[in-house]
Q: 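A single structure is presented below for examination.
Indexing begins at 1, ligand by ligand and atom by atom, following the structure's order. Everything numeric here is computed off the predicted structure, so don't read it as measured data.
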Amino acid sequence: MASDDEKGKDPAPAAPAGKKLDRRDVLLGLSTVPALGLFGYAWSRQRAYEQKQKEAARPARAVPADLSEINVALLGAGAQGQVLVDAMLRIPGLRFRAVCDVWKEYNQKRVVNTLKKFKFEVNGYEDYREMLDKEKELDAVVIATPDFWHAPHTIDCLKAGKHVYCEKEMSNTLEGARSMVLAARETGKLLQIGHQRRSHPRYLHCYEKLLGEANILGRIVTVNGQWNRAVSPDIGYPERYAMPADRLKQYGFKSMEQFRNWRWYKGLGGGPIVDLGSHQIDIYNWFLGAAPAHVMASGGNDYHDPATHEWYDTAMVIYEYETKAGPVRAYYQTQTTNGSQGYFENFMGDQGTLVLSESEANYPGFLYRDPNAPAWDQWVQKGYVSAPKVQEAKPEGEEATLDVRESVSPDLHRVPVVLRDPYHQPHLENFFDTIRGTAKLHCPAEIGYETAVTVLKVNEAIEAKQRLSFRPEDFRI
Ligand SMILES: NC(=O)c1ccc[n+]([C@@H]2O[C@H](COP(=O)([O-])OP(=O)(O)OC[C@H]3O[C@@H](n4cnc5c(N)ncnc54)[C@H](O)[C@@H]3O)[C@@H](O)[C@H]2O)c1
């Protein structure tokens, strides 16, 4: 089953209304309607989805007596903004006060209307400074604008005394990310960066129990991961809701096409390596307990029209880490011309392998015990991993002969942790719990910065066509 968050990932292809299409929906849509008809298709899917969300979220409006209400605004009501609102509607104790989005005739209106259906008295704004001036009671702002707006939006919200949840990538520039860290420190307000896997219970279980307590993989020596996407049309928009040229220009966009597909443009986003890779490279650093020492990368615009896709559509990257346990080489690839095997991270140690993703449908946590590793019975008994399924090497056909030198296949275990809520809900909960003083941020500004340094260097390495080094001080502010 594709969960809500599967739909809410970095946007589904050609879903002009936003984010409500999962991969299955898109395939279905592509097979039943011509490309331009996708807009209507997306809309009807979205309506059905919103109805479900309403039902799922209804109990959350009753504020439990022991919870103080947190006044929240959304800044950036596009695909991801809607996903975050859908997740927040399931969290008790939040009061939505405002929605700010420059596309007021479309995205802003849609999210304001959604929230009004839930009986929230929300005001819509085009200009975030006006919102900050007028909405004095706000405690927190959740930001899901394009990456190049994150730094000014975050800094001004922090300076206005609000706690901020800001989507990844923290910023499209290192200077932007650095100034966000400094603003969080100066104001003493909370800044959570939206690397939601940091709060995913399966990732936490792997980090704390499997890699920490059990050291179940032994010494990790190599890592690989990927996010592959099939070719997809550019994101569109309904002509009658196009923004006027002067407003587009005022907010840094040259056209509606660029406004909808900002990820691909230099100066606005960072291309797939930043958009998708940042989620997973963040996990490399987290699980290895280190930042890389070197990076080399090959990439380019190998397929798409460079006039509308300024960033690289293909990137193949090798990081070299010096961890406490020894050197680690970590490969990562992202490409947008073939969706084979989707996305996952794969950690390989001298005693086992862990393959995981945030999805419940694909790679929901597989563990392979290497035949030379000590038995994992105690971890099975403790419930840390499922009982093994023995993999048998079998000849495929009658004529095939099993070579006796064939390696014995490792036993397959599963990570027995399932997330039934939308993917972003635990990370948002962690943010609101920290505001209430009952938790600690899972991805504060400093961690977001470390990941931004690690990821943004890839585009630099592709351009330089050489191995680049990091200094330890590059990751610190
Ligand atoms: N954590 C995740 O899994 C995840 C998934 C998808 C997107 N994201 C992140 O969320 C952010 C938004 O992505 P998206 O897919 O929703 O993009 P989007 O283009 O669908 O939405 C961006 C919204 O911001 C609005 N906007 C642009 N400039 C603005 C400004 N100056 N002031 C107010 N509103 C402005 C646009 O009108 C639009 O509604 C990005 O940083 C992206 O990387 C994170």
Q: For ligand 1, which atoms sit closer than 4.0 Å to a heavy atom of Leu75?
A: 33 (C)
Q: Is there a donor-acceptor contact under 3.5 Å linking the side chains of Asn285 and Tyr321?
A: yes
Q: As an exercise, identify every atom of ligand 1 less than 4.0 angstrom from a heavy atom of Phe259.
A: 36 (C), 37 (O)
Q: When you look for heavy atoms under 4.0 Å from ligand 1, do you find them on the side chain of Lys168, its backbone, both, or neither?
A: both
Q: Taking 4.0 Å as the limit for heavy-atom contacts, which would you say applies to Trp262 with ligand 1: side chain only, backbone only, both, or neither?
A: side chain
Q: Tell me, please: is His195 in heavy-atom contact with ligand 1, that is, under 4.0 Å?
A: no
Q: What atoms of ligand 1 come closer than 4.0 angstrom to any heavy atom of Gly194?
A: 1 (N)
Q: Are Thr337 and Asp302 linked by a side-chain donor-acceptor pair shorter than 3.5 Å?
A: no
Q: In ligand 1, which numbered atoms sit nearer than 4.0 Å to a non-hydrogen atom of Trp103?
A: 37 (O)
Q: Hey, which atoms in ligand 1 end up nearer than 4.0 Å to a heavy atom of Asp101?
A: 23 (C), 24 (O), 25 (C), 33 (C), 34 (N), 36 (C), 37 (O), 38 (C), 39 (O)
Q: Tell me whether Tyr106 reaches ligand 1 (any heavy atom closer than 4.0 angstrom to a ligand atom).
A: no
Q: Taking the six-membered ring where the residue is Trp, are the ring centres of Trp262 and Phe148 under 6.0 Å apart?
A: no
Q: Could you establish whether Gln82 and ligand 1 come within less than 4.0 Å of each other, counting only heavy atoms on the residue side?
A: no
Q: Should Arg247 and Glu105 count as an ion pair when the cut-off is N to O under 4.0 Å?
A: yes
Q: Nearest non-hydrogen contact with atom 26 (N) of ligand 1 belongs to which option: Asp275, Val274, Asp127, Val102?
A: Val102
Q: Number the atoms of ligand 1 from 1 as they appear, then name those within less than 4.0 Å of a heavy atom of Gly76, with their elements.
A: 24 (O)
Q: Looking at non-hydrogen atoms alone, which of Gln108, Glu169, His153 comes nearest to atom 30 (C) of ligand 1?
A: His153
Q: Closer than 4.0 Å to some heavy atom of Gln196 - which atoms of ligand 1 meet that?
A: 1 (N), 2 (C), 3 (O)
Q: Looking at Glu463 and Lys266, what are the two nearest heavy atoms and their distance?
A: OE1-NZ, 4.4 Å
Q: Side chain, backbone, both or neither: which part of Asn107 comes within less than 4.0 Å of ligand 1 when only heavy atoms are counted?
A: side chain
Q: For His424, is the nearest heavy atom under 4.0 Å from an atom of ligand 1?
A: yes
Q: Can Asp156 and Arg129 be counted as an ion pair, charged N to O under 4.0 angstrom?
A: no
Q: I need the contact type for Val83 against ligand 1. Using non-hydrogen atoms and a strict under-4.0 Å cut-off, is it side chain, backbone, both or neither?
A: neither
Q: Please confirm whether the backbone N or O of Gly269 pairs with a side-chain atom of Asp147, one donor and one acceptor, at under 3.5 Å?
A: no
Q: For residues Tyr332 and Tyr319, establish whether the separation of their ring centroids is below 6.0 Å.
A: no
Q: Run the ring-centre check on His304 versus Trp264 and record whether the distance is less than 6.0 Å.
A: yes
Q: Salt-bridge test for Arg202 and Glu360: reply yes if a basic N is under 4.0 Å from a carboxylate O, no otherwise.
A: yes
Q: When you look for heavy atoms under 4.0 Å from ligand 1, do you find them on the side chain of Tyr251, its backbone, both, or neither?
A: side chain
Q: Before accepting this row, confirm whether a basic side-chain N of the pair Arg90/Asp421 lies closer than 4.0 Å to the acidic partner's carboxylate O.
A: yes
Q: Is Glu126 close to ligand 1, meaning an N/O of one under 3.5 Å from an N/O of the other?
A: no
Q: For the 3.5 Å polar cut-off, considering only N or O atoms, please tell me whether Pro146 and ligand 1 meet it.
A: no
Q: Mark up the atoms of ligand 1 that fall under 4.0 Å of a heavy atom belonging to His150, in ascending order.
A: 41 (O)
Q: Check each heavy atom of Glu167 against ligand 1 and say whether those closer than 4.0 Å belong to the side chain, the backbone, both or neither.
A: side chain
Q: Among Leu204, Ile91, Asp433, Leu419, find the residue that satisfies the side chain to side chain contact (heavy atoms under 4.5 Å, CB included) test when tested with Pro426.
A: Leu419
Q: What about His427 and Tyr165, are their ring centers closer than 6.0 Å?
A: yes
